[in-house]
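Just below is one structure, and these are the notes that go with it.
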Amino acid sequence: MPEAKAFTNTNKPTWCPGCGNHGMFLALQRALAELGWEKREFAMFWGIGCHGNGADFYDVQGFHALHGRSLPPASAYALTRPDQHVVVEMGDGDGYGLGLGHFVHACRRNVALTVIAHNNQIYGLTTGQASPTSDHLMPTVSTPQGVLEEPVNPIGIALAEGATFIARGFAGDIAHLTSLYIEALTHDGFALVDVFQPCVTWNKINTFAWFRERVYKLEESDWDATDRVKAFDLSLTAFHELTCAPDTCKMPIGVYFRETGKPTYGQSTPASAEPGWRRALHPRDVSGIMAKL
Amino acid sequence: MSQTAPYGREVRIRIGGPAGFGIKAAGQSLARVFAQAGYRTFDLTEYPSLIKGGHNTYHLRVSADPITSHVMATDILVALDRPTARLHIRELTPGGALIYDPKDFEPDADADLGGRDDVCLVPVPLTRIVDDAGGIKIMRNVAALGATLGHMGMALDGLESSIRAQFAHKAPEIAAQNIAIAQAGLEHAQGAPCAFPFALPAAEQAGDLVLADGNEAFGLGALAAGVGFYAAYPMTPASSLLHFMAKHGDAAGVVVKHTEDEIAAMNMVLGSAFGGTRSMCATAGGGFSLMVEAFGFAGVSETACVVGLFTRPGPATGLPTWTEQSDLRFALHASQGEFPRVVLAPGDHAEAFEYTWRAFNLADELQTPVILLGDSYLSDNRATSERFDVEAVEIRRGKLVAEGDVQDHPDALAGDGRYARYKVTEDGVSVRALPGVEGAIQVVNSYEHDEFGYGAQAEEASIRVAQNEKRLRKLDLAASMVPPPNRFGPDDAEISLVFFGSTKMPALQALQWLHAEGHAVNAIQVTTLWPFPAIEVCRFLCDAKINLIIEGNATGQLEGLIREQCLHAVHHRLRRYDGRPFSPELIYATVKQLLGEPVELNAAGALVAKEDFN
């Protein structure tokens, strides 16, 4: 079984000291090691953003996509490489901004993917502009009067669109995050883990301390993760607000919803049964189709 | 009497009416009847971007001799409504027939017939025939097909079997009802007051012909090449290729995805190609505009993939259902930055098949994106072609390692023994080991990257330069692999034509007419637009006395390319950008004008005067 550090290379991470990405990086390596996945058995996909720089630090088969576009290539890879697991990392600006349309469609497709969203509610790499998950009225360099929109609700969207595994993690609790990753990685279908991952440089409001005072674990409460309607209610009530006090404002982490037994997109697509490169070993005989034209 | 040159031993039929009347389907049944009888056919479908209403026409050219395009002239005009007569009467050749339903209108000598008295009026009670047979309104087109055959003095056999095939999956009464309607139409037309003067000579068995439109040819080429993934968002004129791939995908083992948008389609192609699957998407210019960022990603990441760019008039939504060749420069320059690409422009259906499978080989061997540049004229229209050469198809995947251990491939490894996906090589192509191959750890990156695919190190100036130069070196390799230009006609000519893409079809037809008249005219078809075959084109132009560039755009994009790449003067130009394809008549008349022998085209663009060839 590979050790966790087997999934890193010699490139030194360039993330800021204290960045939530470090915890997520470690948690995923531990989950991969615990599952015993060999490097040749899976591929990772990243979008553009601070999270995406991880493409340089993991020692895995990887695809560093365009901004917001990690899900389409990952989906097509999953459908044409049924012999491989697929892990997608995306950012909140990346996956819920430019990529929001792809996210919605990926949820409803139930392609077998594990999607890990780095949700720090700010644009890190481009120096602190508002992100789609920034709190309402949060001031940033691109919204000095405060964000006028309501934040995107990724959990609610994923529930509405039929995603079959939906969880939220916190980069400040690596052990818990590792267990969520293991469940997501072994889920047969589309799995989302949206991770609160505080940006220590640009987001001075939703900090590690801010979350530590508010998060609680669903599995430690009386929570039924098979009830989609309740999960949707929870996704609405669990919106954080800048003014909410720690004693009244609680952030659930853990598995919101899971559904098993739903066929994946690949299982419903006969052509997806074999790695696509095998289709091009010899010319395909098209004379039968031509004769029918 | 023999027919006046340049037309051959042929008959042209135009069916017109509002959208929703089954005009294209009816016309295609007729085309199949003639093709199966051994004739050559070429059809031209013209329609507005509407599902119901508007004015649609289907023009079918049927010939006992080989033909390469449509023509403007019409011998039988089937008017399913009055506007069809008014709009197209001027295309009718002398002695040609107007088939119409007296219930729709009684032709007015001036308004409908344009004052012509050389037209044969063939009233056929289409509506009554359908009503008598208990049919529905759309079946009027079946009665009209029967009438067309009847007026031509042909038997119903072919149409009967075509109808049976068309309704094979329905109750037998449906086919029988349609056949009865066709038979009634045929009998009515036989009683017409004037005989059809242009009876087709018997077809010599033309050999093994395939009747396909361009998109079917592209699709067959992709299937033959072993495509394993096809993604698209519907956009005219590429949509029917999506339908073709979806129809055959499951049986052939192709994952076919109708995506949420073109951005997803192109990005999906990148992901499946990363896994080693031969991957393709196709769209029109508007869709390609959305794909451009991901197209550039294919360039920097050296991803082998094929993109069909089937153009129509632009910009923006433009004229969605019409044709143009105005995206040539867009194909050559799409995306920021510089990277190698190949742009192939097949000129007809057989080339659409051949260049598509070749495009997959080029993409794999060069590890770079290949554009198949087509247009509506090629995509939408059906022609009889010699059976596509499936025996010639070969699969060349280039420097690809799909299985095993990458350590067994020393030329893929860096000095420290690690796999270097982007190892700098002399020809610019590195060994591509697929994910899943033991030790093939690699990053495919939208950023500039080092030999392993990592982005951060590539900000080093020397790495950027090395990778950029490595990629661009592929263009030299590409130049030795791509299809060379096609040459037609004698070496020594009075006039030399230059064109690309589907203009080949009408241009070759015009050339055939000119040669039949003894004119020395030659032509070069630029089949690969990038890398541009400057040497071949320059040589052709240097040998030419007078040159004429023919292209379907307003700004002379091919002409500009020739000036830039060949530093050669262009003498004359023929450009079209009204959404219509070049007709052979227009090209023929333009050349005749340059030869000092002007010919007369009628207002519809057809050559005037047709005599019967019996």
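Each chain gets a letter, A, B and so on, in the order the sequences are listed, and its residues count up from 1.
Note on A:Arg81 versus A:Glu41: no salt bridge recorded, every NZ/NE/NH1/NH2 to OD/OE distance being 4.0 Å or above. Here B:Glu354 pairs with B:Arg358 in a salt bridge; the nearest charged N to carboxylate O distance falls below 4.0 Å.
In this structure, the side chain of A:Asn119 does not engage the main chain of A:Asp194 through any donor-acceptor pair within 3.5 Å. When atom types are taken as modelled, the side chain of A:Thr264 and the backbone of A:Gln267 share a donor-acceptor pair closer than 3.5 angstrom. Judged by distance alone, with hydrogens and angles left aside, the side-chain atoms of B:Asn267 form no donor-acceptor pair with the main-chain N or O of A:Pro73 at under 3.5 Å. Proximity of a side-chain donor or acceptor of B:Thr356 to a complementary backbone N or O of B:Ala352 within less than 3.5 Å is detected.
For the set A:Glu274, A:Arg279, A:Lys39, the entry with the most heavy-atom pairs within less than 4.5 Å of chain B is A:Arg279. Per-residue counts of heavy-atom pairs under 4.5 Å with chain A were compared for B:Val393, B:Asp213, B:Leu220; the largest is that of B:Leu220. When A:Leu293, A:Leu66, A:Val286 are compared by the number of non-hydrogen pairs under 4.5 Å with chain B, A:Leu66 comes out ahead. Contacts with chain A were tallied for B:Ala264, B:Gly436, B:Gly439; B:Gly436 has the most, counting heavy-atom pairs under 4.5 Å. Interface remark: of the candidates A:Ala271, A:Pro270, A:Gly266, A:Ala271 forms the most heavy-atom pairs closer than 4.5 Å to chain B. With respect to chain B, the highest number of heavy-atom pairs below 4.5 Å among A:Val60, A:Leu79, A:Thr269 belongs to A:Val60. Taking chain A as the reference chain and counting heavy-atom pairs below 4.5 Å, the highest number among B:Val390, B:Asp364, B:Leu434 is found for B:Leu434. Considering only heavy-atom pairs separated by less than 4.5 Å from chain B, the leading option among A:Met44, A:Arg284, A:Arg40, A:Arg69 is A:Arg284. Contacts with chain A were tallied for B:Ala225, B:Gly221, B:Ser272; B:Ser272 has the most, counting heavy-atom pairs under 4.5 Å. Interface remark: of the candidates B:Gly275, B:Ala231, B:Gly276, B:Gly228, B:Gly275 forms the most heavy-atom pairs closer than 4.5 Å to chain A. In terms of heavy-atom pairs under 4.5 angstrom with chain A, the leader among B:Phe360, B:Phe229, B:Tyr447, B:Trp357 is B:Tyr447.
Here the two rings, on B:Phe353 and B:His349, have centers that are 6.0 Å apart or farther. Taking the six-membered ring for Trp and the full ring otherwise, the centers of A:Phe63 and A:Tyr77 sit at least 6.0 Å from each other. Between A:Phe42 and A:His85, the distance separating the two ring centers is not shorter than 6.0 angstrom. Taking the six-membered ring where the residue is Trp, the centroids of B:Phe452 and B:Tyr422 are separated by 6.0 Å or more. Not less than 6.0 angstrom separates the ring centroid of A:Phe7 from the ring centroid of A:Tyr58. Ring centroid separation for the pair A:Trp46 and A:His51 does not come in under the 6.0 Å cut-off.
Between the side chains of B:Asn361 and B:Arg278, at least one donor-acceptor pair of N or O atoms lies under 3.5 Å. Remark: the A:Thr114 side chain and the A:His187 side chain contain no N/O donor-acceptor pair separated by less than 3.5 Å.
Atom OG of A:Ser75 and atom CZ of A:Phe45 lie 9.0 Å apart (nearest 0.5 Å).
In this structure, chain A has a heavy atom under 4.5 Å from the side chain of B:Arg32, while its backbone stays farther away. Residue A:Leu71 does not touch chain B at all, counting heavy-atom pairs closer than 4.5 Å. In this structure, the portions of B:Phe388 lying under 4.5 Å from any heavy atom of chain A include both its backbone and its side chain. Proximity to chain A (any heavy atom under 4.5 Å) is shown, for B:Val255, by both the backbone and the side chain. Contact of A:Ser272 with chain B is made through backbone and side chain together, with heavy-atom distances under 4.5 Å. When heavy atoms are compared at a cutoff of 4.5 Å, B:Gln442 approaches chain A solely by way of its backbone atoms N, CA, C and O. Contacts between B:Ala217 and chain A at a heavy-atom distance below 4.5 Å are absent for every atom of the residue. Both the backbone and the side chain of B:Val254 come within less than 4.5 Å of a heavy atom of chain A. For chain A, the nearby parts of B:Ala252 are the backbone and the side chain; heavy atoms of each come within less than 4.5 Å. Heavy atoms closer than 4.5 Å to chain A are found in the backbone of B:Glu394, but not in its side chain. Heavy-atom distances place no part of B:Ala458 under 4.5 Å from chain A, backbone and side chain included. Both the backbone and the side chain of B:Ala402 come within less than 4.5 Å of a heavy atom in chain A. At a 4.5 Å heavy-atom cutoff, the contact between B:Val227 and chain A is made by backbone and side-chain atoms alike. For chain B, the nearby part of A:Asn9 is the side chain; its heavy atoms alone come within less than 4.5 Å. For A:Gln84, the part sitting under 4.5 Å from any heavy atom of chain B is the side chain, from C-beta outward, and nothing else. Using a 4.5 Å cut-off between heavy atoms, A:Asp285 does not touch chain B at all. Interface residue B:Asp261: only side-chain heavy atoms are found under 4.5 Å from chain A. Contacts of A:His102 with chain B are made by both backbone and side-chain atoms, with heavy-atom separations under 4.5 Å. With a 4.5 Å cut-off on non-hydrogen atoms, B:Tyr419 does not touch chain A at all.
B:Ala304 approaches B:Arg432 most closely through the heavy-atom pair CB-NH1, 4.1 Å. Across every non-hydrogen atom of A:Tyr265 and A:Arg109, the tightest pair is CB-O, 3.3 Å.
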